[in-house]
S.K.: 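What follows is a structure written as structure tokens; I'll ask about it next.
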Amino acid sequence: AGYEDALDRARIFGQEQAFLIGVRVLSGTVSAADAGGAFARLAELLVDRLHHLAAGELVHTYGKIKKGSVAVVAMGKLGGAEMAASSDLDLILLYDTPGEDDPVSDGPRPVHASQYYIRLTQRLVAALSAPTGEGTLYEVDMRLRPSRRAGPLALHIDGFAAYQAEEAWTWEHLALTRARVISGPDKLAKAIDGVVRKVLTAKRTSKKLRADIVDMRERIHKEKGSDDVWEIKTVRGGLIDVEFIAQYLQLAYAHKHPEILSQNTAAALAAARKAGVLKKGDAEILEPACELYHAVTQVLRLCLSGPFMPEEAPRGRSGLLCRAADMPDLSRLEAHLKETQGVVKGVFDRLLGS
């Protein structure tokens, strides 16, 4: 009962806090950028608490792994501290067992470390996503782990390092620009940061990198593309293009300018501008676009579960959107979004040479 009770309490706390952040976004007292960070900090706190709770439960059955340690790595919107209401959590679990390859736990039902940490991952995912009497917390996505669906749910740090250096595709390195340890001991966190940094600061062939990103963008467009200016993430010149540009600049130039590395898109663009790898004119398009897209997305995700239909929008919702984007009315906002998407697409095509 203690464990179930703790899960219920986590859901009540998580829902209450998310509601309060939402209220502040809608009342205009919290900006979109601050809201993204606030939603992310809430998720980090819950992941960390539930990670420790799930680990404690595991000990009852399987004992501990001697000298073993495990960390939760956030990717995607959580890694970038750009979460909105109802964002999924993209997570990877990495562990270390110094001195031994695959030691056995010391409990009543001993298992190898490789199995032990997979079971911990399953417990954590269930703790975060399974519905209880108090509802659910988050959808959890583990697909960014190495080898995707085929790969183990938890991976040894050495296996992770080898995979990233020898086998990972460009899209996996793009995703890695947002990797951030959010739970686990400092020593392992530093080791993981070191692995990630080494991968991101490796010298790359710019032509292949650009071609891979353009190919990926085309695939996304075929699968999920839209001409609707309100589909801010997937429309041409939308948020995905801004994110891809920020990630491209990091992979292309971090070997010379490691200071441009940042999990947050807006921060990465600002750092690239300061380092001189993003031209001032392009930055003047991309940075405000990033801010605009996040502001509008925060409001849409709080108010809607489906697509936005401007002609059917109640006046209150239109007013919230206009205030978030600092526009006088919805038609001006729509025109501004269309124009912004056009110039962002221009920057994307110019930098990545589609």
S.K.: Check Arg180 with Glu44, please: is the shortest side-chain N to carboxylate O separation under 4.0 Å?
M.R.: yes
S.K.: Rounded at 0.5 Å granularity, tell me how far CZ in Arg323 sits from CG in Leu320.
M.R.: 5.5 Å
S.K.: Passes side chain to side chain contact (heavy atoms under 4.5 Å, CB included), Ser129 versus Leu89? Steps please.
M.R.: CA-CA 10 Å; Ser129 61; Leu89 304 186; over 6 Å; no
S.K.: Do the charged groups of Asp96 and Lys187 touch, with an N to O distance under 4.0 Å?
M.R.: no
S.K.: Is there a path from Leu46 to Tyr3 through hydrophobic residues (I, L, V, M, F, W, Y) whose side chains come within less than 4.5 Å of each other?
M.R.: yes
S.K.: Please report the interatomic distance OG1(Thr265) to CG(Leu269), rounded to the nearest 0.5 Å.
M.R.: 7.0 Å
S.K.: Given 3.5 Å as the limit, does a donor-acceptor pair link the side chain of His173 with the main chain of Gln164, or not?
M.R.: yes
S.K.: Please table the atom pairs, donor to acceptor, closer than 3.5 Å between any side-chain atom in residues 60-72 and protein atoms at least two apart or in another chain.
M.R.:
| from | atom 1 | to | atom 2 | distance (Å) |
| --- | --- | --- | --- | --- |
| Tyr62 | OH | Arg119 | NH1 | 3.1 |

S.K.: Donor-acceptor pair, distance only, cut-off 3.5 Å: does the side chain of Arg301 make one with the backbone of Ser86?
M.R.: yes
S.K.: Working to the nearest 0.5 Å, report the span between CD of Glu334 and CE of Met327.
M.R.: 12.5 Å
S.K.: List the steps and the verdict of side chain to side chain contact (heavy atoms under 4.5 Å, CB included) for Leu330 and Cys322.
M.R.: CA-CA 6 Å; Leu330 206 56; Cys322 293; 4.2 Å; yes
S.K.: Quickly, which of Arg178, Lys233, Arg217 forms a salt bridge (charged side-chain N to carboxylate O under 4.0 Å, His left out) with Glu243? Name it, please.
M.R.: Arg178
S.K.: Using only heavy-atom distances, determine whether the side chains of Ser262 and Asn264 contain a donor-acceptor pair under 3.5 Å.
M.R.: no
S.K.: Excluding sequence neighbours, so at least two apart, what forms side-chain contact (heavy atoms from CB on, under 4.5 Å) with Gln17?
M.R.: Phe13, Leu20, Leu42
S.K.: How about Leu120 and His51: do any of their side-chain heavy atoms sit closer than 4.5 Å?
M.R.: yes
S.K.: Mind checking the CG-OH spacing from Leu93 to Tyr117? Nearest 0.5 Å is all I need.
M.R.: 10.5 Å
S.K.: Look at the side chain of Asp88 and the backbone N and O of Val140, then say whether any donor-acceptor pair between them is shorter than 3.5 Å.
M.R.: no
S.K.: Does Arg210 CZ have over 12 foreign heavy atoms under 6.0 Å away?
M.R.: yes
S.K.: Looking only at atom types and distance, does a side-chain atom of Gln15 sit under 3.5 Å from a main-chain N or O of Glu134, one as donor and one as acceptor?
M.R.: yes
S.K.: Same cluster or not: Ile21 versus Phe19, using hydrophobic residues (I, L, V, M, F, W, Y) connected whenever any side-chain heavy atoms lie under 4.5 Å apart?
M.R.: no
S.K.: Donor-acceptor pair, distance only, cut-off 3.5 Å: does the side chain of Glu287 make one with the backbone of Ala267?
M.R.: no
S.K.: At their closest point, which heavy atom of Val235 faces which heavy atom of Ser226, and how far apart are they?
M.R.: CG2-O, 3.4 Å
S.K.: Give a yes or no on whether Val104 and Val59 share a hydrophobic cluster (residues Ile, Leu, Val, Met, Phe, Trp, Tyr; joining criterion: side-chain heavy atoms under 4.5 Å apart).
M.R.: no
S.K.: Hey, does Leu333 have a side-chain heavy atom less than 4.5 Å from the side chain of Leu292?
M.R.: yes
S.K.: Without swapping roles, check the side chain of His294 against the backbone of Ala32 for a donor-acceptor pair under 3.5 Å.
M.R.: no
S.K.: Examine distances only and state if a side-chain atom of Arg204 and a backbone atom of Ala202 form a donor-acceptor pair shorter than 3.5 Å.
M.R.: yes
S.K.: Check whether any side-chain heavy atom of Leu144 sits under 4.5 Å from a side-chain heavy atom of Trp171, and report yes or no.
M.R.: yes
S.K.: Measuring only between side-chain heavy atoms, which start at C-beta, is Ile182 closer than 4.5 Å to Asp48?
M.R.: no
S.K.: Within the distance-only criterion (no hydrogens, no angle test), does the side chain of Thr170 pair as donor or acceptor with the backbone N or O of Leu209 below 3.5 angstrom?
M.R.: no
S.K.: Between Glu218 and Lys222, is a salt bridge (charged side-chain N to carboxylate O under 4.0 Å, His left out) present by the stated rule, with each step listed?
M.R.: CA-CA 6 Å; Glu218 288 310 308; Lys222 279 200 184 100; 5.7 Å; no
S.K.: Taking all atoms of both residues into account, what is the closest heavy-atom pair of Arg273 and Ala283, and its distance?
M.R.: CD-CB, 3.5 Å
S.K.: Would you mind reporting whether Phe244 and Ile220 have side-chain heavy atoms less than 4.5 Å apart?
M.R.: yes
S.K.: Determine the sole option in Val343, Asp349, Leu351, Val344 for which the side-chain contact (heavy atoms from CB on, under 4.5 Å) test with Val347 is passed.
M.R.: Leu351
S.K.: Roughly how far, to the nearest 0.5 Å, is CZ of Arg11 from OH of Tyr138?
M.R.: 10.5 Å
S.K.: Do Phe308 and Val296 come within less than 4.5 Å of each other through their side chains, counting heavy atoms only?
M.R.: no
S.K.: Taking all non-hydrogen atoms of both residues, which atom of Thr177 and which atom of Leu200 are closest, and how far apart?
M.R.: CA-CD1, 3.8 Å
S.K.: Report yes if some heavy atom in the side chain of Thr121 is under 4.5 Å from a heavy atom in the side chain of Pro152; otherwise report no.
M.R.: no
S.K.: Taking Val196 as the fixed residue, which of Leu176, Leu261, Val73 is the one that meets the side-chain contact (heavy atoms from CB on, under 4.5 Å) rule?
M.R.: Leu176
S.K.: Got a donor-acceptor contact below 3.5 angstrom from the Arg145 side chain to the Met142 backbone?
M.R.: yes
S.K.: Does the pair Leu78 and Asp90 meet the rule for a side chain to side chain contact (heavy atoms under 4.5 Å, CB included), with working shown?
M.R.: CA-CA 7 Å; Leu78 174 53; Asp90 291 290; over 6 Å; no
S.K.: Does Glu172 CD have over 12 foreign heavy atoms under 6.0 Å away?
M.R.: yes
S.K.: Mark yes when over 12 heavy atoms from residues, nucleotides or ligands other than Asp215 sit less than 6.0 Å from its CG; otherwise mark no.
M.R.: yes
S.K.: Over all heavy atoms of both residues, which pair between Leu50 and Ala127 is shortest? Give the atoms and the distance, please.
M.R.: CD1-O, 3.8 Å
S.K.: Do Tyr163 and Ile118 belong to the same hydrophobic cluster, where Ile, Leu, Val, Met, Phe, Trp and Tyr are linked whenever their side-chain heavy atoms lie under 4.5 Å apart, directly or via other members?
M.R.: no
S.K.: Below 4.0 angstrom, N of the basic side chain to O of the carboxylate: do Asp186 and Lys190 qualify?
M.R.: no
S.K.: Applying side chain to side chain contact (heavy atoms under 4.5 Å, CB included), run through Gln341 and Arg236 and close with a yes or a no.
M.R.: CA-CA 7 Å; Gln341 288 157 6; Arg236 292 269 193 205; over 6 Å; no
S.K.: Please report the shortest heavy-atom distance between Ala54 and Arg123, naming the atom on each side.
M.R.: CB-CB, 3.8 Å
S.K.: Does His156 use its side chain to pair, donor to acceptor, with the backbone of Asp158 at less than 3.5 Å?
M.R.: yes
S.K.: Give the cluster check for Met309 versus Leu304: same hydrophobic cluster or not, with ILVMFWY residues linked at side-chain heavy-atom distances below 4.5 Å.
M.R.: no
S.K.: Can you tell me if Glu259 has over 12 outside heavy atoms packed within less than 6.0 Å of its CD?
M.R.: yes
S.K.: Hey, are the side chains of Trp230 and Leu321 touching, using non-hydrogen atoms and a 4.5 Å cut-off?
M.R.: yes
S.K.: Atom CG in Leu155, atom OH in Tyr95: separation rounded to 0.5 Å?
M.R.: 7.0 Å
S.K.: Looking at every non-hydrogen atom in both residues, tell me the closest pair between Asp329 and Ser331 and how far apart they are.
M.R.: OD1-OG, 2.8 Å
